[in-house]
Participant: 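The structure that follows is given in the form of structure tokens.
Hydrogens, waters and symmetry mates are skipped; everything else that's a heavy atom, side chains included, is used.
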Amino acid sequence: MHNNHMLSPLRGWDLRCAALHYGPKCGRYVFQEYMKKEIEKIPESVIIKKYPISNKLNGWYFSLVEVSNNVWQVEGSDLWGRKVENSGIDPDALLCEAVKTAKELSA
């Protein structure tokens with residue numbers, strides 16, 4: 001049977017990249033950190049299929065889709081997988097705002 005009081009020292013820790021295991025041999029909790037995975041560059045030929053607008057900001061690709069009557073959604077991504085998105089009724093303003101946000105992410 002596991003005792004919850006054994007977890008109390010780990011409260012508040014960021015466990016997104018880690019796991020807590022109950023060690024069967026030692027009978028206590030063991031904190032194991034996982035290695036971070038290296039981010040791979042997405043080939044331009046792959047990203048251009050989903051994001052065909054490529055002439056607004058160097059290294060960024062965008063798509064603009066009417067998702068409902070006069071409601072537009074803009075999405076953008078760079079070759080490293082960073083993304084921006086927004087929706088609204090003015091497609092030109094949405095695209096400009098996405099480009100502005102992408103510039104801020106790139107800085």
Side-chain angles (χ1 to χ4, degrees):
M1 176 154 229
H2 305 301
N3 295 329
N4 288 336
H5 73 285
M6 297 175 79
L7 294 176
S8 61
L10 297 176
R11 283 192 188 133
W13 282 29
D14 185 0
L15 299 178
R16 286 179 295 180
C17 296
L20 195 60
H21 300 284
Y22 187 77
K25 292 183 180 178
C26 60
R28 61 188 164 149
Y29 285 94
V30 177
F31 184 73
Q32 179 180 359
E33 186 175 344
Y34 291 107
M35 293 179 61
K36 293 182 179 178
K37 185 178 172 184
E38 185 176 324
I39 298 172
E40 295 182 19
K41 188 175 181 180
I42 303 167
E44 186 176 359
S45 60
V46 172
I47 205 164
I48 200 81
K49 291 177 184 175
K50 186 172 181 182
Y51 304 101
I53 303 169
S54 61
N55 60 350
K56 298 294 183 185
L57 180 62
N58 190 25
W60 280 85
Y61 302 84
F62 299 92
S63 70
L64 185 62
V65 178
E66 189 174 17
V67 293
S68 186
N69 188 23
N70 202 28
V71 177
W72 295 84
Q73 181 174 8
V74 64
E75 293 180 349
S77 179
D78 69 355
L79 297 175
W80 300 102
R82 294 181 292 184
K83 297 191 182 311
V84 295
E85 69 175 49
N86 204 354
S87 59
I89 59 171
D90 185 354
D92 294 328
L94 288 171
L95 189 55
C96 287
E97 186 64 32
V99 170
K100 180 181 174 188
T101 304
K103 279 182 186 177
E104 291 171 1
L105 281 175
S106 297

Participant: Check side chain to side chain donor-acceptor pair (under 3.5 Å) between E44 and all other residues, then give those that pass, not counting sequence neighbours.
Facilitator: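 Counting only residues at least two positions away or on another chain, E44 forms a side chain to side chain donor-acceptor pair (under 3.5 Å) with Y61.
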Participant: For R82 and L105, indicate whether the former's side chain and the latter's backbone hold a donor-acceptor pair under 3.5 Å.
Facilitator: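 Side chain of R82 to backbone of L105: a pair is present.
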Participant: Just how far is it from atom CG of N69 to atom CD1 of I89, taken to the nearest 0.5 Å?
Facilitator: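 Interatomic distance, N69 CG to I89 CD1, rounded to 0.5 Å: 11.0 Å.
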Participant: Kindly write out the residues that satisfy side-chain contact (heavy atoms from CB on, under 4.5 Å) with I42, not counting sequence neighbours, or none if the list is empty.
Facilitator: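 Listed in chain order: V46, I47.
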Participant: Where is the tightest heavy-atom contact between L94 and V74, given as atom of each residue plus distance?
Facilitator: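 So the minimum-distance heavy-atom pair works out to O-CG1, 3.6 Å.
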Participant: Applying side chain to side chain donor-acceptor pair (under 3.5 Å), can you list everything that pairs with S54, at least two apart in sequence or on another chain?
Facilitator: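 Here no residue qualifies.
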Participant: Is the side chain of E66 donor-acceptor paired with the backbone N or O of N70 at a distance under 3.5 Å, no angle test?
Facilitator: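 Confirmed, E66 side chain pairs with N70 backbone.
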Participant: Would you say that W60 contacts L79 through its side chain, given a criterion of any heavy-atom pair below 4.5 Å between the two side chains?
Facilitator: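 They are not in contact (no side-chain heavy atoms under 4.5 Å apart), so the answer is no.
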Participant: From F62 CZ over to K56 NZ, what is the distance, rounded to the nearest 0.5 angstrom?
Facilitator: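 Interatomic distance, F62 CZ to K56 NZ, rounded to 0.5 Å: 9.5 Å.
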Participant: Go through the structure and list residues passing side-chain contact (heavy atoms from CB on, under 4.5 Å) with P52, not counting sequence neighbours.
Facilitator: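 With sequence neighbours excluded, P52 shows a side-chain contact (heavy atoms from CB on, under 4.5 Å) to S63, given in chain and number order.
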Participant: Could you measure the distance from the OG atom of S106 to the CD atom of E104? Nearest 0.5 Å is fine.
Facilitator: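 Going from the OG atom of S106 to the CD atom of E104 covers 10.0 Å.
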Participant: Using the test side-chain contact (heavy atoms from CB on, under 4.5 Å), find all partners of V71 that sit at least two apart in sequence or belong to another chain.
Facilitator: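 Only V67, S68 meet the side-chain contact (heavy atoms from CB on, under 4.5 Å) criterion with V71.
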Participant: Please enumerate all residues that pass side chain to side chain donor-acceptor pair (under 3.5 Å) together with Q73, with sequence neighbours excluded.
Facilitator: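 Side chain to side chain donor-acceptor pair (under 3.5 Å) check on Q73 returns E75.
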Participant: Side-chain contact, heavy-atom cut-off 4.5 Å: W72 with N86?
Facilitator: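 When only atoms from C-beta onward are counted, N86 and W72 do not touch, as no gap falls below 4.5 Å.
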Participant: Using every non-hydrogen atom in the two residues, find where A102 and V84 come nearest and quote the distance to one decimal.
Facilitator: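 Here A102 and V84 meet closest at N-CG1, 4.1 Å.
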Participant: I want to check something: taking the side chain as every heavy atom from C-beta on, are K83 and Y51 in contact at a cut-off of under 4.5 Å?
Facilitator: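 In short, these two side chains touch, coming nearer than 4.5 Å.
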Participant: To the nearest 0.5 Å, tell me how far S77 OG sits from I48 CD1.
Facilitator: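 That separation rounds to 11.0 Å.
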